[in-house]
Amino acid sequence: MFDGLKDKLDDFREDVEEQAEEPEAGADADMSEHADEQESPNPGGSSDVESDSGTVAEADSDTPDSGADTGSDNGPGTLKRAKAFATGRLIIEEEDLQTPLRDLEFALLGSDVEMGVAKEILERVEKTMLGETRKQVETTEELVYKALRDALVEVISVGQFDFSERIAAAEKPVTIVFTGVNGVGKTTTIAKLGEWLADEGFSSVMANGDTYRAGANEQIREHASVLDRKLITHEQGGDPAAVIYDGMEYAEANDVDVVLGDTAGRLHTSDDLMAQLEKIDRVVDPELTIFVDEAVAGQDAVNRGQEFNAAAEIDGVVLTKADADSSGGAAISIAHVTGKPILFLGTGQGYEDIERFDPEELVDRLLGEE
Ligand SMILES: Nc1nc2c(ncn2[C@@H]2O[C@H](COP(=O)(O)OP(=O)(O)OP(=O)(O)O)[C@@H](O)[C@H]2O)c(=O)[nH]1
Ligand SMILES: [Mg+2]
């Protein structure tokens, strides 16, 4: 999952580390000398560091008190001034980061990360690497890791909420409607989610609001029968809102916690069908509307998310087929662009192949050693 993106992030980290940890001749000697000079209490220093880990890192070790940002002796545009001193102090200047950041930008765009999101990540990485936190880290490796991790987590975490708690807190029955284009995995996701909810202690009923496609009832009935789950259907051509409404009545009468309302796949460019989605939203007034799309669709998924959100406001996203996605572009971008969180990842065709989306876990996976 997301292996291509992981490789590109690894490359960026290696590039920065390689260049930054190539100290110039004499740096070691200067270092100890420099540490000695820092014995006196440091006015701006944080209290939890040793006295020799002052906050001022000098680019030019011969003139410790001169402005670090001139860097004239070392020549601009290289990362050689990004030295890891014995105290762990680093200095990385803006121009030093230009090339690695440009490479990272290409890498992100090449992974189908949306342009505004890529920009946001770059800005955050740069800010961390040039900012205050550099004084607290010990090696370039840690600095790059932290900068990338924070930037990615920040961007991916937009709008996150605890799904299980939300269901627990909502008035029962909780109706969830699933929207999205054709064939992305809506019906499969509903089947999987029924299992996931059962594990969390919630009962559910499926309501087939896909009254449009021939064979839709038969398909979802198969899932219901394998999973031994209650299913509400109407004839093909019926009113989708009415089916989901029936599901709600059934749930109410039978103390079922959650109604999982399927809808027919539709192109976001189809005005009629998008209008129908608005109507379902109005009549059913679901607790949650979840937009389903394929992780592999990259920026197309991001664009569609915006279109569906405009027709019937979504509360979250499920990205399916993450198991087949190397780029990770949709996973990185969609929450930031739509303002709605990714709630689950579909990771295969089996009923158990659904994961609660955890931004930190995903980023750890992307930046991990494996
Ligand atoms: N590899 C993989 N395949 C998936 C995943 N989720 C769904 N699929 C497959 O995608 C195909 C389409 O799934 P459906 O659930 O029928 O998609 P849909 O969105 O309901 O399709 P329509 O009702 O036609 O709009 C099926 O073959 C699923 O097994 C996933 O997370 N990973
Ligand atoms: Mg379907």
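Just so you know, ligand 1 is whichever comes first in the structure, and atom 1 is the first atom listed for that ligand.
Residue-level proximity to ligand 1 for Lys192 is carried by the side chain, the only part with a heavy atom below 4.0 angstrom.
Taking distance alone, with nitrogen or oxygen atoms compared against 3.5 Å, Thr320 stays at or beyond that limit from ligand 1. The shortest N or O to N or O distance between Asp353 and ligand 1 is not below 3.5 Å.
Excluding waters, the count of protein N/O/S atoms less than 2.8 Å from the Mg ion (ligand 2) comes to 1.
Of the protein's non-hydrogen atoms, Arg213 NH2, 3.5 Å is the one closest to atom 23 (O) of ligand 1. When hydrogens are left out, the protein atom nearest atom 22 (P) of ligand 1 is Gly183 N, 3.4 Å; that is the closest non-hydrogen contact. When hydrogens are left out, the protein atom nearest atom 17 (O) of ligand 1 is Gly185 N, 2.9 Å; that is the closest non-hydrogen contact. Nearest to atom 11 (C) of ligand 1 among the protein's heavy atoms is Lys321 NZ, 4.1 Å. When hydrogens are left out, the protein atom nearest atom 30 (C) of ligand 1 is Gly348 O, 3.1 Å; that is the closest non-hydrogen contact. Distance from atom 25 (O) of ligand 1 to its nearest protein heavy atom, with residue and atom name: Lys186 NZ, 2.8 Å. Nearest non-hydrogen protein atom to atom 16 (O) of ligand 1 is Gln219 NE2, 2.9 Å. For atom 14 (P) of ligand 1, the closest non-hydrogen atom of the protein is Thr188 OG1, 3.4 Å.
The aromatic ring centroids of Phe344 and Phe357 lie 6.0 Å or more from each other.
Heavy-atom contacts of Asp323 reach the following atoms of ligand 1: 1 (N), 2 (C), 30 (C), 31 (O), 32 (N) (cutoff under 4.0 Å). Close approach of ligand 1 to Gly265 (heavy-atom distance below 4.0 Å) involves ligand atoms 25 (O). Below 4.0 Å from some heavy atom of Thr347 lie the following atoms of ligand 1, by number and element: 31 (O). Ligand 1 places these atoms under 4.0 Å from at least one heavy atom of Gly346: 31 (O).
Residues Asn182 and Tyr212 fail the side-chain proximity criterion, which asks for heavy atoms closer than 4.5 Å. Residues Ser327 and Leu5 are not in side-chain contact: their nearest non-hydrogen atoms beyond the backbone lie 4.5 Å or more apart. Looking only at side-chain heavy atoms (C-beta outward), Thr347 and Met1 come within less than 4.5 Å of each other.
Comparing Glu355, Arg266, Gln349, His223 against atom 9 (C) of ligand 1, the shortest heavy-atom distance belongs to Gln349.
Side-chain heavy atoms closer than 4.5 Å link hydrophobic residues (I, L, V, M, F, W, Y) into clusters, and following such links, possibly through other members, connects Phe12 to Val153.
What you find for Ala322 and Ala295 is that their closest heavy atoms are CA-CB, 3.9 Å. Residues Pro341 and Gly159 approach most closely at CG-O, 3.2 Å, considering heavy atoms.
Proximity of Glu294 to ligand 1 is not established, as no heavy-atom distance is less than 4.0 Å.
Within 6.0 Å of atom CG in Asp199, more than 12 heavy atoms from other residues, nucleotides or ligands are found, so the atom counts as buried in its surroundings. Applying the 6.0 Å contact sphere to CG of Asp162 captures more than 12 heavy atoms from other residues, nucleotides or ligands.
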Would you check, one step at a time, whether the test side chain to side chain donor-acceptor pair (under 3.5 Å) holds for His234 with Asp239?
-> CA-CA 8 Å; His234 285 192; Asp239 178 4; over 6 Å; no

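Listed by first then second residue, pairs satisfying side chain to side chain donor-acceptor pair (under 3.5 Å) with a partner in residues 333-344 read Glu313-Lys340, not counting sequence neighbours. The salt bridge (Lys or Arg N to Asp or Glu O under 4.0 Å) pairs that include a residue from residues 214-236 are Glu195-Arg229, where partners are two or more places apart or lie in different chains. The list of side chain to side chain donor-acceptor pair (under 3.5 Å) pairs with a residue in residues 283-297, not counting sequence neighbours, reads Arg166-Glu287, Asp293-Arg304, Glu294-Lys321.
Judged by distance alone, with hydrogens and angles left aside, the side-chain atoms of Arg356 form a donor-acceptor pair with the main-chain N or O of Leu343 at under 3.5 Å.
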